[in-house]
Amino acid sequence: MFIDMHMHEMRYSKDSFLKLEQITEIARRRGLDAICITDHDSMGLREFAGEYSAKTGFPIFVGIEFFSLQGDIVAFGIEDYPPERVPAQEFATYVQSQGGMCFAAHPFRNNNRGLEENLRLVKGLDGVEVLNGSTMFEANKRAAEYAAQLNLACIGSSDCHVPEKVGLFATYFPCEVKSEKELIRCVKERKCRPAYYDRGSYQIWDMESVLHTPPVTHDEWAAECAG
C-alpha cells in the first residue's frame, strides 16, 4: 500500500487550500491506497473524516502535526494533545504513553520548525520524515541519513496544502493497512519505505538518488486533471 502520511485540510489548517473531498479524489487518481490528515495542532477533522471514509470506502487516518518547543512532530493514536507548546521530549513521551506513534516532520527544513539535531536527543520517536514535499532535497537527504543512523522508520509524505502536491511523496507498506492500529504497528516495526510519484506511478526511493524538484510537471498535472 502507498499512503501519504502528512497532509493538511483547510477546515483546521488555515494555510491549506484543500478540502477532504478534493484530497481523496486526487489521491485515488494518483494511486494512493490511503491518506493521513495531520492538521496543525488539531485533530478536529477526526469525526468528519471517519464518516467520509466509511461513506467512500477509502481509508483516512487522522493524526496531528504538533509544534513542540523544538519542532514539528506528527503523531497518531492519541485521544487528545497538550493545549500549549511543550518540549519535544514531553510530547513524544506522552504519545508513547497513549500507545501512539510519532515521527519527526521535515527535521532539517530551513524554517525553524524541524527538530534538527534534537533528533539525537528525543527518545520515543518511531520515525523520521525523510521525504517531504515542501522541503529541499539536501534537507530530506540529511534526514534520511539520521534515520539510518538512529534506526528509525523512514517516512515519505507530501505535506500538501495545494492540489498539485497531493501524493507527490508517500510511504510504501508491504502489507495491508486497514486501521490506525495497523498503521501504528507497521511504522513501529519499520515495515515501510519512502516513495515518490513519477509519471503516473509510485517508485520506492533508494535513499540516495537525487530528487531535486517535485517529480510531476505542470503539464502532467494538467493532463491528470483533464483525464
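Here the structure is a predicted model, which is why all the values come from computation and not from measurement. Residue numbers count from 1 along this sequence.
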Residue pair Val166, Leu18: steps toward the side-chain contact (heavy atoms from CB on, under 4.5 Å) verdict: CA-CA 9 Å; Val166 172; Leu18 291 162; 3.9 Å; yes
Stepwise side-chain contact (heavy atoms from CB on, under 4.5 Å) test for Arg185 and Val177: CA-CA 9 Å; Arg185 176 179 56 79; Val177 178; over 6 Å; no
Full working for salt bridge (charged side-chain N to carboxylate O under 4.0 Å, His left out) between Arg29 and Glu25: CA-CA 6 Å; Arg29 191 164 65 219; Glu25 177 186 353; 3.6 Å; yes
Verdict with reasoning, Arg120 to Gln149, per side-chain contact (heavy atoms from CB on, under 4.5 Å): CA-CA 9 Å; Arg120 298 190 185 280; Gln149 293 169 13; 2.7 Å; yes
Candidate pair Ser201 and Gln203, rule side-chain hydrogen bond (donor to acceptor under 3.5 Å, both in side chains), full reasoning: CA-CA 7 Å; Ser201 64; Gln203 308 294 326; 3.1 Å; yes
Test log, rule side-chain contact (heavy atoms from CB on, under 4.5 Å), inputs Ile35 and Ile3: CA-CA 5 Å; Ile35 57 175; Ile3 303 176; 5.8 Å; no
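A donor-acceptor pair under 3.5 Å is formed between the side chain of Ser68 and the backbone N or O of Gly71. Between the side chain of Ser53 and the backbone N or O of Ala49 there is no donor-acceptor pair closer than 3.5 Å. In this structure, Glu116 contributes its side chain and Pro107 its backbone to no donor-acceptor pair below 3.5 Å. No donor-acceptor distance shorter than 3.5 angstrom exists from the side chain of Asp72 to the backbone of Ala104, with no hydrogens or angles considered. Looking at Glu65, its side chain never comes within 3.5 Å of a backbone N or O of His6 through a donor-acceptor pair. Not a single donor-acceptor pair under 3.5 Å links the side chain of Asn118 to the backbone N or O of Leu121. Distance alone, capped at 3.5 Å, places no donor-acceptor pair between the Lys188 side chain and the Gly127 backbone. Judged purely by atom type and a 3.5 angstrom limit, Arg193 has no side-chain atom pairing as donor or acceptor with the backbone of Cys154. No donor-acceptor distance shorter than 3.5 angstrom exists from the side chain of Thr135 to the backbone of His106, with no hydrogens or angles considered.
For Arg142 and Phe108, the positive end sits near the middle of the six-membered ring, less than 6.0 Å away and at most 45° from its axis.
Between the side chains of Ser158 and Asp4, at least one donor N or O lies within less than 3.5 Å of an accepting N or O. One side chain, Gln96 or Asp126, offers a donor N or O that lies under 3.5 Å from an acceptor on the other. For the residue pair Tyr172 and Asp33, no side-chain donor N or O sits within less than 3.5 Å of a side-chain acceptor on the partner.
More than 12 heavy atoms of other residues, nucleotides or ligands lie within 6.0 Å of CZ in Arg109, so this atom counts as buried by the packing criterion. Other residues, nucleotides and ligands contribute at most 12 non-hydrogen atoms within 6.0 Å of the NZ atom of Lys191. Within 6.0 Å of atom OH in Tyr12, 12 or fewer heavy atoms from other residues, nucleotides or ligands are found, so the atom counts as exposed in its surroundings. Within a 6.0 Å sphere centred on CD of Glu189, other residues, nucleotides and ligands contribute more than 12 heavy atoms. By the neighbour-count criterion of 12 heavy atoms within 6.0 Å, atom CG of Asn112 is sparsely surrounded, having that number or fewer from other residues, nucleotides or ligands.
Rounding to the nearest 0.5 Å places CZ of Phe61 at 5.5 Å from CG of Leu183. To the nearest 0.5 Å, the span separating NZ on Lys19 from CZ on Phe48 amounts to 9.0 Å. To the nearest 0.5 angstrom, Cys192 atom SG is 9.5 Å from Phe103 atom CZ. Between atom OH of residue Tyr202 and atom OH of residue Tyr197 there is a gap of 7.0 Å, rounded to the nearest 0.5 Å. Residue Leu32 holds its CG atom at 10.5 Å from CD1 of Ile26, rounded to the nearest 0.5 Å. Between the OH atom of Tyr81 and the CD atom of Glu84 there is a distance of 12.5 Å, given to the nearest 0.5 Å.
Inter-residue side-chain proximity for Asp159 and Lys165 is flagged as unmet; no heavy-atom pair is nearer than 4.5 Å. Contact check for Ile78 versus Ile64: side-chain heavy atoms found under the 4.5 Å cut-off. Residues Cys36 and Val62 form no side-chain contact, since every pair of their non-hydrogen atoms from C-beta on lies 4.5 Å or further apart. Using a 4.5 Å cut-off on side-chain heavy atoms (C-beta onward), Val187 and Met5 make contact. In this structure, the side chains of Phe137 and Val210 come closer than 4.5 Å at one or more pairs of heavy atoms. For the pair Asn140/Asn132, a side-chain contact is recorded, criterion being any heavy-atom separation below 4.5 Å from C-beta on. Looking at heavy atoms from C-beta onward, Val74 lies out of side-chain contact with Glu129 at the 4.5 angstrom threshold. Residues Val128 and Ile155 are not in side-chain contact: their nearest non-hydrogen atoms beyond the backbone lie 4.5 Å or more apart.
Between Arg113 and His40, the closest heavy-atom pair is NH2-ND1, 4.3 Å.
Side-chain rings of Phe169 and Tyr196 stay apart, their centers remaining 6.0 Å or farther from each other.
Using a 30° and 60° split on the angle between ring planes, His8 and His161 fall in the parallel class, below 30°.
Taking a cutoff of 4.0 Å between a charged side-chain nitrogen and a carboxylate oxygen, Asp39 and Lys14 do not qualify as a salt bridge.
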